[in-house]
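A note on names: the letters A, B, ... follow the listed sequences, proteins ahead of strands, and every chain is numbered from 1. No experiment lies behind these values; they were computed from the predicted model shown.
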Amino acid sequence: MLEAIIRLSNIKKTYDNIEYVLNGVDFQSGKGEFVVIQGKSGSGKSTLLNIIGLLDTYTSGQYFFEDRLINPQKNYPHLRANKIGFVFQSYHLIESLSVKENVLLPFLYSDSRLNSCTLTTIESILDKFNLSKFERKKVSLLSGGEKQRVAIARAIIKYPDIIIADEPTGNLDEENTSTIINAFQQLARAGNAAIIMVTHNSQIADCGTSKYLLSEGKLIRC
Amino acid sequence: MLKGNKVFFYLKHVVNMSFNNKPRVVLSLVGLTVGLFIFTLGNIIIDSYYNDNLRWAWQMTNETLVLEVQTDHQDNLTELTRLDREHLLSSVSLSSPSTIFIATGEDGSLCSLSATVMGVSELDKIVPIHHDIHHSIGIGIDLLRGRLINANDVALQRNVVVIDQFTEDLLFQGSNSLGKYLHLDVEVPGMSSVHSGQGTNATKRKLEIIGVIKNSYATKVEKMEYRKFVAEGGVSFLNTTIYCPITIVDIEEDIAPRKLLMWNIEDKNNYADMHQILVDYGHVYRNDFSSYNVITRNDVIIDVVNQLKPMRSFLTVMLVIILLISGVSTMSTMFFSVKERINEIGIKKALGATKLDILCQYVLEGMLLSFIAAIIAVCLSSLLALILQNYLFYSMHLLFEISLSLRNLLLPILLAGIYGFVFSLIPSYYGARIMVTHALRFE
């Protein structure tokens, strides 16, 4: 494993100041790692991912992103735009836009230039995920597996340092699940990003390079 | 910040997102268009009415100073003309109206044309006037055929006259009138001798037509009246002005005719001085004049503006209220749009959009829809205004010229931009503040 990109130290999270969803989580991950986090429903997996992905704040503890201390009172859209890619269970694509427009969307908010090189990269990524023929098609007309591939393409288009996937195969059949997991494994092997995936599927959990269990607010390495 | 081709992609994205929900777009556009349409059409009509009334004043220049007097004292008149002979443009006498034409129909319809005879001084410039007892204004003149009255005509007291196109069309059915004769004081059947003048059943004077000039705006109004008579019948009394040597009017009139003295003074200081001199003269010799009015272009404009101001202000306020109501309806549609697209906001924030990005996107969408509504509104209102003008002209025989100024066409578009910005801002701000995790939960 390369140097850690993210380091969480004693992270705690509560919504009502009474019950802690996360109760002292210690975790770190670097490029080339494919981390799988398992846990029961309501164990706080999505909450942990949201904190790592800077979508949500934490109550106490310390979170370092590339050696930079994250202040829970602040918002970090710039980091999300340039360093983090998301893949959601419900895809979270803009249905009225085409496949290509959805994949290009991150460029509106990142520092990356949108030029002919970028467009070539997009073509190759779409080709890699067998989406080239759907380039101009509206996302609303795609199947679940196709949508999730579009979501992954969108997540990796900026070459982020970290890819966060929250139950990416939750709505997919076996074949599509296999495709998605293979894609993640390839990305991890390429060593360009850290991949953190949450799942409740134990078969998929064995596909990662490291496995964790989130239980009673704590993260335990398996 | 946007870089390179991103601007194009961003704008394309804004346009795509603006139109992705067709019912919402239609709803927004209809509301905005109706408000802007009423505003634009209202402004066009108000301005047209305003300009219609100011048309008289526009025919006068800022350098022109007019004195309208009625007096038996020739000495006063002589003294007035000597005040500034260098800049004296014209000195004219205006007669009482004299009937020059009558048309009758089998159904008892009757149309008469009465002419105010304007006697011109030794200068060869003729200055037609507006048929308003309060305002006599000088305008330029366009000679179409023949010649104008000159000093020789005045000196020799020739019985010659210059008429306008409308008078020629009426008296001579459009044929060339040069060399033909115009008879003053033709008796009107069934009317009292007061209207038909002193010469009962006889022509008072026969005048040779030596020139024809272009119609003034006042004559265009009379022409409409005549068209209405031709179409609908009834009784119609039309008015015109004809021009002959000043001596004829001075001889014919039993009472002192109204006189117009006009000066053209380009130097502003001299103009102001002359204006004051005339006003002071009027005060000093007020008992010698039965009528004494000093008229400048500003006087006429101020008079018209003051008459129209209350109505214009009231109508403008009404239009602004309509626009505001339309704006509130737009704002509620925008709120609906933001609520409908909460998930989209969450996705974009997850991808790195800031609050400002979300705010800008929605404000731009609002402004884009407003601009489109404004363009539609301007086109529709201009079209309707022109249709209205034609309807009034051809069906009602009313002359009402529509003013489609650049201001009337561009103001709604400018307002739409401001309008779109203001009424999108609050909903956009609401959308921008939504938390990412909450927004992503909405489907």
J.: Hydrogens and angles aside, do A:Asn50 and B:Thr437 bring a side-chain donor and acceptor to less than 3.5 Å of each other?
T.: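 Note: A:Asn50 and B:Thr437 side chains miss the donor-acceptor criterion.
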
J.: Does any part of the side chain of A:Lys31, heavy atoms only, come nearer than 4.5 Å to the side chain of A:Asn192, both counted from C-beta?
T.: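 Heavy-atom side-chain distance check fails, nothing below 4.5 Å.
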
J.: Between B:Met435, B:Lys355, B:Lys348, which shows the greatest number of heavy-atom pairs under 4.5 Å with chain A?
T.: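 So the answer, after comparing B:Met435, B:Lys355, B:Lys348, is B:Lys348.
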
J.: With a 4.5 angstrom heavy-atom cut-off, is it the side chain or the backbone of A:Tyr76 that approaches chain B, or both, or neither?
T.: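 Interface part for A:Tyr76: neither.
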
J.: Under 6.0 Å between ring centres: does that hold for B:Tyr419 and B:Phe421?
T.: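 No; B:Phe421 has its ring centre 6.0 Å or more from that of B:Tyr419.
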
J.: By a 4.5 Å heavy-atom criterion (distance strictly below it), what part of A:Leu97 contacts chain B: side chain, backbone, both, or neither?
T.: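 For A:Leu97, the contact with chain B is made by the side chain alone.
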
J.: Could you tell me if the side chain of A:Ile51 sits less than 4.5 Å from the side chain of A:Thr57, heavy atoms only?
T.: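 Side chain of A:Thr57 against side chain of A:Ile51, heavy atoms only: no contact under 4.5 Å found.
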
